[in-house]
There are 2 protein chains.
Amino acid sequence: MSPEAVENDYRLQGQIGFVLRKANQRHLAIFSSHIVDLTPPQFAALAKLRDVGETSQNQLGGLIAMDAATVKGVIDRLAARGLVQLAKHEVDKRRLMVRLTGEGRQMIDQLVPVARTITEETLSPLSAKDAATLVALLSKIS
Amino acid sequence: MSPEAVENDYRLQGQIGFVLRKANQRHLAIFSSHIVDLTPPQFAALAKLRDVGETSQNQLGGLIAMDAATVKGVIDRLAARGLVQLAKHEVDKRRLMVRLTGEGRQMIDQLVPVARTITEETLSPLSAKDAATLVALLSKIS
DNA sequence: CAAAACTCATTCGCATGCAAATGATAGCTC
DNA sequence: GAGCTATCATTTGCATGCGAATGAGTTTTG
């Protein structure tokens, strides 16, 4: 095969990066149709806080795979809405501790079942077995 | 199982939305380490223009799954760098036609092989068979 | 043909997402 | 204990990404 033939064989639509982006797009659309009040990152933050209780902002970022700059924005917006509460760590004055408020707790408890629906709908084109395979393979390349 | 037990069973890390986001993150990191000059959306735009020749901005957006507002920003930045060329359609005055410049053509030709490497590296934790399965399953939920 | 409906592009506002630089604090090490 | 290093948070700058509103131009339809 000539070099040009090799090059011409490149199909954008089959590249992993492209399909990842498209799959993400569809998931976001489904998410938004079920949950209007929160974005996926905001939901992830609340869900994780519900699991772990109080943590520092950066630590939370680590748990939900967000860098410091990104998590700050997310947390600030949640705090502005009264869903999380912020407080300086008493000993280590660098750390900004985050915890759910009662309102935040109530909202996330309410939304977790909805999140299940979102996951189901996103994976609905696949059999249960294929869905499990997909999540497993994605985890491996994460 | 009590309702609370059901709720407590929710694991963020296993949700399709979360793994999609993380996989995307890793892919972006790999992409950036190989291609510094372009972002993935910019690359997609150039690669698609190389395939189809001249198209309108919106049409291009449709081909690479970008909405009108997003594609405009991407194209404007490519145009500012002289990688694409813009011109009003002579008949239909609404349309803004986009095409590669010589420079853009040269850049994308050069980068397509690199993109292959990026795809490979992203999928390197998987066997060839699993990689193909992953892309196929992702396509189904896109 | 004139009005309605549609398409294309643009703009605005908001929310990620990340790199890089900065300041404050903590911990380590000699 | 002073200095070096590491960590935490913040800020800035840039690039997606999408919803919604707007304006210009085109097509359809009554």
Side-chain angles (χ1 to χ4, degrees), chain A residues 17-18 20-33 35-46 54-81 83 86-98, chain B residues 17-18 20-33 35-46 54-81 83 86-98:
Chain A
F18 190 80
L20 276 175
R21 195 165 64 83
K22 278 206 69 177
N24 239 327
Q25 274 177 8
R26 176 160 165 275
H27 176 260
L28 175 63
I30 294 172
F31 187 101
S32 306
S33 74
I35 298 182
V36 182
D37 292 342
L38 296 177
T39 64
Q42 291 168 356
F43 176 88
L46 294 186
E54 198 179 43
T55 13
S56 77
Q57 198 177 248
N58 265 15
Q59 208 172 328
L60 178 61
L63 294 171
I64 56 180
M66 277 179 221
D67 85 337
T70 301
V71 82
K72 190 201 176 345
V74 174
I75 293 301
D76 277 357
R77 282 180 286 274
L78 292 175
R81 290 169 57 184
L83 299 174
L86 304 179
K88 286 271 179 192
H89 191 284
E90 294 194 357
V91 179
D92 187 339
K93 294 178 189 168
R94 294 169 304 176
R95 305 175 84 185
L96 184 63
M97 302 309 285
V98 191
Chain B
F18 190 80
L20 275 175
R21 194 164 66 82
K22 278 206 70 177
N24 239 327
Q25 274 178 7
R26 176 160 166 276
H27 177 258
L28 175 63
I30 294 172
F31 187 101
S32 306
S33 74
I35 298 181
V36 181
D37 291 342
L38 296 177
T39 64
Q42 289 168 357
F43 176 88
L46 295 187
E54 198 180 44
T55 13
S56 77
Q57 197 178 248
N58 264 16
Q59 209 172 325
L60 178 61
L63 294 171
I64 55 179
M66 277 179 220
D67 86 338
T70 301
V71 81
K72 189 197 177 351
V74 174
I75 293 302
D76 277 356
R77 282 180 286 274
L78 291 175
R81 291 169 56 184
L83 299 174
L86 305 179
K88 286 270 178 191
H89 191 284
E90 295 194 358
V91 179
D92 187 339
K93 294 177 190 167
R94 293 169 306 178
R95 304 175 85 187
L96 184 63
M97 304 308 287
V98 190

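Here is how names work: the chains are called A, B, and so on, in the same order as the sequence lines, proteins then strands, and each is numbered from 1.
Shown here are the side chain to side chain contact (heavy atoms under 4.5 Å, CB included) partners of A/R95, two or more places apart in sequence or in another chain: A/S56, A/Q59, A/H89, A/D92, A/M97. B/S32 pairs by the side chain to side chain contact (heavy atoms under 4.5 Å, CB included) definition with B/L28, not counting sequence neighbours. Checked against side chain to side chain contact (heavy atoms under 4.5 Å, CB included), A/A23 has the following partners two or more places apart in sequence or in another chain: B/L20, B/L138, B/I141, B/S142. Remark: B/D76 pairs with B/K72 by the salt bridge (Lys or Arg N to Asp or Glu O under 4.0 Å) rule, at least two apart or across chains. Under the rule for a side chain to side chain contact (heavy atoms under 4.5 Å, CB included), the partners of B/I35 that lie at least two apart in sequence or sit in another chain are B/F31, B/L38, B/F43, B/L111, B/V114, B/I118.
Distance, A/H89 NE2 to D/dA9 P: 10 Å, rounded to whole Å. Rounded to a whole Å, the CZ atom of A/F31 is 15 Å from the P atom of D/dC18. For the pair A/R95 CZ and D/dT10 P, the interatomic distance rounds to 13 Å; values are reported in whole Å. Straight-line distance from the CG atom of A/D76 to the C1' atom of D/dT11: 12 Å, rounded to whole Å.
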Contact string for nucleotides 13-25 of chain C, one letter per nucleotide 5' to 3', B = base within protein heavy-atom range under 4.0 Å, S = sugar-phosphate only, - = neither, reads --SSBBB----BB

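For A/K72, no side-chain nitrogen or oxygen approaches OP1 or OP2 of D/dA9 to under 4.0 Å.
Of the possible polar contacts, one joining the B/R21 side chain to the A/I64 backbone as a donor-acceptor pair under 3.5 Å is found.
Sequence neighbours left out, not one pair with a member in residues 22-31 of chain B passes side-chain hydrogen bond (donor to acceptor under 3.5 Å, both in side chains). Sorted by first and then second residue, the salt bridge (charged side-chain N to carboxylate O under 4.0 Å, His left out) pairs with a member in residues 54-70 of chain A read A/E54-A/R99; sequence neighbours excluded.
Near DNA chain D, defined here as any heavy-atom distance below 4.0 Å, there are no residues from residues 54-64 of chain B.
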